[in-house]
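Down below is the structure, laid out as structure tokens.
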Amino acid sequence: MGRLVALSLLGISLALLGERFLALRRRMNASREVEPVEPGNCHLIEGIETGSEDIDILPSGLAFISSGLKYPGMPSFAPDEPGKIFLIDLNEQNPRAQTLKISDGFDKASFNPHGISTFIDKDHIVYLYVVNHPHMKSTVEIFKFEEQQRSLVHLKTIKHKLLKSVNDIVVLGPEQFYATRDHYFTNFFLLLLEMLLDLHWTYVLFYSPQEVKVVAQGFSSANGITISLDNKYIYVADVAAKNIHVMKRDDNWDLTQQKVIQLDTLVDNLTVDPATGDVLAGCHPNAMKLLIYNPEDPPGSEVLRIQNVLSKNPGVSTVYANNGSVLQGSSVASVYHGKLLIGTIFHRVLYCEL
């Protein structure tokens, strides 16, 4: 009898595990193939070979790019090299990438940049906030941008018990920001279990020197985050749930959900078109190809534009799509005066003229 019970329990466990794996494949769009879409004149930017996970463009047209991310379960073409921040001037006729020098006193050897966000103060000084994963932990680094020297001066490292598995950040003011947590567990095997069980345990937090708190929760995997042009709404991508949450900012910094825009692709980072207020989303059309990387059948790329975000029926259109033959694993898209940059988790960066 005991052996029969044991075999029954084993059979039930294997059946549940199989069902969870099939559900994961559906969530990851494992069977989806990409139909190519190209907006026009596009070419890869030379000099960026190991990722361009996030991009933030200043009103002046200078674009910051985080590169060299090492992330659990994701490919890396330079696993032993520290990360970098690149700068591209989109005012140039042929934009090129330039590595920004980082000041001494900062641990550059363990630099592992992820999401980034800029803030310009009343004196027009530019600050770059960078989600960093030194030794696979999570911190937020604050740098001052020295434009003439093309360098970053490290000012401060922010740590907090709620800053775990941080993915992206949007800065609201001096040392004030919202940040997303993309996984509850930090152990890789527990992280896999979290994905299989589809636990909705991740959140958005608000940070300031006076207060740190969770302001929205219940996400499968909170990922990219950005703010509307009028600063009234926060947009949050839930990558595993394939949707974008539109959330209103409250006076106490809490976020109140207004709507959810459901998509058929895994949404990574979000940016806002400064000319229209449209949301641009860097997406993974088939994320299973990210988790199980095959250079002969690489993960594709997809960029969506969401228009009239606050309306009852937002318009969703495809700006760019590729099966991985040109660009692998798109994570972000950002636009400036008809010029589009598309970044990736571990691959290249694409420049297009719209």
Side-chain angles (χ1 to χ4, degrees), residues 37-43 45 52 54-66 86-97 115-122 124 126-129 145 147 168-173 178 224-237 244-249 258-259 261 263 265 267-283 301-321 327 330-343 349-354:
V37 175
E38 191 165 308
N41 181 21
C42 295
H43 67 267
I45 296 286
S52 44
D54 204 6
I55 299 172
D56 199 314
I57 304 176
L58 296 175
S60 64
L62 295 178
F64 295 98
I65 299 175
S66 64
F86 286 97
L87 187 74
I88 293 179
D89 188 348
L90 292 174
N91 298 294
E92 295 178 352
Q93 187 172 357
N94 296 300
R96 55 190 175 82
I116 60 176
S117 181
T118 55
F119 171 70
I120 304 173
D121 72 8
K122 57 182 176 58
H124 308 292
V126 176
Y127 297 91
L128 179 68
Y129 287 61
F145 174 50
E147 185 171 349
D168 198 15
I169 182 174
V170 59
V171 180
L172 311 168
Y178 290 114
I225 186 168
T226 193
I227 191 168
S228 62
L229 293 182
D230 60 10
N231 294 328
K232 293 181 179 179
Y233 297 91
I234 295 293
Y235 308 132
V236 182
I244 298 172
H245 294 247
V246 179
M247 317 197 82
K248 189 172 183 179
R249 291 177 58 197
Q258 302 296 298
K259 63 187 300 183
I261 302 172
L263 302 166
T265 188
V267 191
D268 202 317
N269 287 319
L270 306 173
T271 64
V272 171
D273 186 333
T276 64
D278 298 345
V279 173
L280 291 171
C283 305
S301 294
E302 186 173 34
V303 173
L304 300 183
R305 178 184 288 272
I306 298 96
Q307 298 172 292
N308 302 314
V309 176
L310 298 176
S311 69
K312 186 176 180 179
N313 295 301
V316 179
S317 58
T318 303
V319 177
Y320 178 84
L327 199 68
S330 58
S331 56
V332 64
S334 194
V335 69
Y336 172 80
H337 290 186
K339 300 173 182 180
L340 175 70
L341 286 176
I342 305 174
V349 59
L350 191 71
Y351 170 80
C352 299
E353 294 178 354
L354 301 176

Which pair of heavy atoms, one from [X] and one from [Y], lies closest together, and at what distance?
{"X": "V349", "Y": "S52", "answer": "CB-OG, 3.6 Å"}
{"X": "I261", "Y": "P314", "answer": "CD1-CG, 4.0 Å"}
{"X": "V236", "Y": "M247", "answer": "CG2-SD, 4.2 Å"}
{"X": "I57", "Y": "A63", "answer": "CG1-CB, 3.8 Å"}
{"X": "A97", "Y": "F86", "answer": "CB-CD2, 4.0 Å"}
{"X": "T271", "Y": "S334", "answer": "OG1-CA, 3.8 Å"}

Can any side-chain N or O of [X] pair as donor or acceptor with the backbone N or O of [Y] at less than 3.5 Å?
{"X": "S331", "Y": "D268", "result": "no"}
{"X": "S117", "Y": "V171", "result": "yes"}
{"X": "S330", "Y": "E302", "result": "yes"}
{"X": "S301", "Y": "L327", "result": "yes"}

Would you call [X] and [Y] a side-chain contact if the rule is heavy atoms closer than 4.5 Å?
{"X": "L270", "Y": "I306", "answer": "no"}
{"X": "S228", "Y": "V279", "answer": "no"}
{"X": "N231", "Y": "R249", "answer": "yes"}

What distance separates [X] [atom1] from [Y] [atom2], expressed to the nearest 0.5 Å?
{"X": "I227", "Y": "I234", "atom1": "CD1", "atom2": "CD1", "value": "4.0 Å"}
{"X": "D56", "Y": "I116", "atom1": "CG", "atom2": "CD1", "value": "5.5 Å"}
{"X": "F64", "Y": "L128", "atom1": "CZ", "atom2": "CG", "value": "5.5 Å"}
{"X": "D168", "Y": "Y178", "atom1": "CG", "atom2": "OH", "value": "14.5 Å"}
{"X": "E38", "Y": "Y320", "atom1": "CD", "atom2": "OH", "value": "6.0 Å"}
{"X": "S60", "Y": "N91", "atom1": "OG", "atom2": "CG", "value": "7.0 Å"}

>> side chain to side chain contact (heavy atoms under 4.5 Å, CB included), that's the test. Do Y351 and I88 meet it? Break it down for me.
In response: CA-CA 10 Å; Y351 170 80; I88 293 179; over 6 Å; no

>> The test is side chain to side chain contact (heavy atoms under 4.5 Å, CB included); show your working for L310 and Q258 and say whether it passes.
In response: CA-CA 9 Å; L310 298 176; Q258 302 296 298; 5.8 Å; no

> Can you list the residues that meet the salt bridge (Lys or Arg N to Asp or Glu O under 4.0 Å) rule with R305, with sequence neighbours excluded?
Replying inline: D273, D278

> Would you find more than 12 non-hydrogen atoms of other residues, nucleotides or ligands less than 6.0 Å from K248 atom NZ?
Replying inline: no

>> Using the rule given for side chain to side chain contact (heavy atoms under 4.5 Å, CB included), can you reason through L62 versus L87, listing the C-alpha separation, both sets of side-chain angles and the distance that settles it, and then say yes or no?
In response: CA-CA 7 Å; L62 295 178; L87 187 74; 4.0 Å; yes

>> side chain to side chain contact (heavy atoms under 4.5 Å, CB included) for Y235 and V272? Distances and angles first, verdict last.
In response: CA-CA 9 Å; Y235 308 132; V272 171; 4.0 Å; yes

>> Going by side chain to side chain contact (heavy atoms under 4.5 Å, CB included), name the residues that satisfy it together with N313, two or more places apart in sequence or in a different chain.
In response: none

>> Here's a test for you: under side chain to side chain contact (heavy atoms under 4.5 Å, CB included), which of L304, L263, V332 qualifies with C283?
In response: L304

